[in-house]
Amino acid sequence: MDESKVPGWHVLGSAGGMDLDQTLTSGQCFRWQRQADGWHGIAEGRRVTAKVEDDMLWLLSPPEEDGFWRHYFALDTDYGALHRRFAASKRLASCVEAAPGLRVLNQPFFEVLCTFLISQNNNIPRIKGIVERLCMLCGEELAPGVYAFPAPEALATQTPESMAVLRAGWRSDYLLNAARRVCDGALDPQTLSALPMDAAREQLMQLRGVGPKVADCVLLYGLGFADACPMDVWMKRAMAVLFPRGMPRAAGACKGIAQQYIFEYARTHLPRGEKPPAKPRKPGLSRAKSAKGKTLPREPEQSC
DNA sequence: TGCCAGGCATCTA
DNA sequence: TAGATGCATGGC
């Protein structure tokens, strides 16, 4: 037996201040569970248990998968340096203070696409439930009762009838269509990654069920477009973090997303020591929310 | 029990 | 073109 393939606890590397609780509960991923021995997760057919001790990231996984997880956890991004730069901005410093251990994960494209299609007009507990049922329906069984996220080919063979068990509502059609577009080559992550970000966003939005929000999440989490965060989106999210008064019930999730956007925006847009540009003035949030009287209250501007 | 959710497509004025 | 509405389901 090849000993190198035996899963065992080992150090992947310095955690660099990463906090798994903050990162894995921020709403960017949906297949992690906290258990007594650490965080249990599945990505791209790989199972792992992860924990941070003394700022070292420990994994219980086959060592040959270390490269995958190093990329997944973005261990090569120097968040310490980022945080020092953020200190120049009151806004960013507030976000860092709220969740200094938050990191943006690099997740598999198809998993991100599907989970964020599921996320629309939905809440996180239910999103997780639908994702788990989807994996049980057509994902590979990695261990008794443990399923990988479905491959596009496996999902594409499903039907609206077979998808009914997901209880995902109209989102099932979006999932089927997305899987089939990936399978027929019309949607290819490598091609998308090679495009300029705006072109990649435009192509994603050709997909039924993908609007600006879902497209940006796929660009950011699933395609490595770290700057998939237009200024107005960034500022909307920042508002939710810095001015929580009047936030809807999902404030926790909103905060997580806000911080992720802020980190990535600042990382790619702010030259060292430079202040972020002024916030453009925009009307409130989405039309639908305004119509329902759920618009976040506007707050006075803060200079950064 | 009823509101609302990490949107989006479609309809209407 | 902007605003309104409906969509399926379940968490809270």
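Counting to the nearest Å, the P atom of C/dC12 and the CD1 atom of A/Ile127 are 12 Å from each other. With rounding to whole Å, A/Arg126 atom CZ is found 13 Å from B/dG6 atom C1'. B/dG6 atom C1' lies 13 Å from atom CG of A/Leu220, rounded to whole Å. Following rounding to the nearest Å, A/Phe30 (CZ) and B/dG6 (P) show an atom-to-atom distance of 9 Å. At whole-Å resolution of the value, CG in A/Asn123 and C1' in B/dC3 are 12 Å apart. Between A/Lys213 atom NZ and B/dG7 atom P there is a gap of 6 Å when expressed in whole angstrom units. In this structure, A/Ile124 places its CD1 atom 18 Å from P of B/dC4, rounding to the nearest Å. In this structure, the CG atom of A/Asn121 is 6 Å from the P atom of B/dG7, given to the nearest Å.
Judged by the 6.0 Å distance and 45° axis criteria, A/Arg31 is not positioned over the aromatic ring of A/Phe149. A cation-pi contact links A/Arg103 to A/Tyr79, judged by a cut-off of 6.0 Å to the six-membered ring centre and 45° from its axis.
Between the P atoms of C/dA8 and B/dC11, the separation comes to 15 Å (whole Å). Across the P atoms, C/dA2 and B/dG6 are found 26 Å apart, a figure rounded to whole Å. Annotation: C/dC7 and B/dT1 have their P atoms spaced 22 Å apart (nearest Å).
For C/dT9, its base never sits under 3.5 Å from the side chain of A/Arg167 at any donor and acceptor pair.
Of the options A/Ile118, A/Asn122, A/Leu117, a side chain to side chain contact (heavy atoms under 4.5 Å, CB included) to A/Gln120 is made by A/Leu117 and by none of the others.
Minimum atom distance to the side chain of A/Pro212 is reached by B/dC8, of the listed C/dT9, B/dC8, B/dA5. Distances were taken from every side-chain heavy atom of A/Pro125 (C-beta onward) to each of C/dG10, C/dC12, C/dA8; the shortest belongs to C/dC12.
For the pair A/Arg70 (side chain) and A/Leu12 (backbone), a donor-acceptor distance under 3.5 Å is present.
A donor-acceptor pair shorter than 3.5 Å can be found between the side chains of A/Asp66 and A/His10. The closest side-chain donor-acceptor pair between A/Gln158 and A/Ser162 falls under 3.5 angstrom.
Taking a pair to require two hydrogen-bonding distances under 3.5 Å in either a Watson-Crick or a G-U wobble arrangement, B/dC3 pairs with C/dG11.
Taking a 4.0 Å limit (strictly below) on heavy-atom distances, residues 169-178 of chain A reaches DNA chain B at A/Trp170, A/Tyr174.
Taking side-chain N and O atoms only, A/Arg133 has no distance below 4.0 Å to OP1 or OP2 of C/dT9.
Between atom CG of residue A/Leu113 and atom CG of residue A/Leu175 there is a gap of 8.0 Å, rounded to the nearest 0.5 Å.
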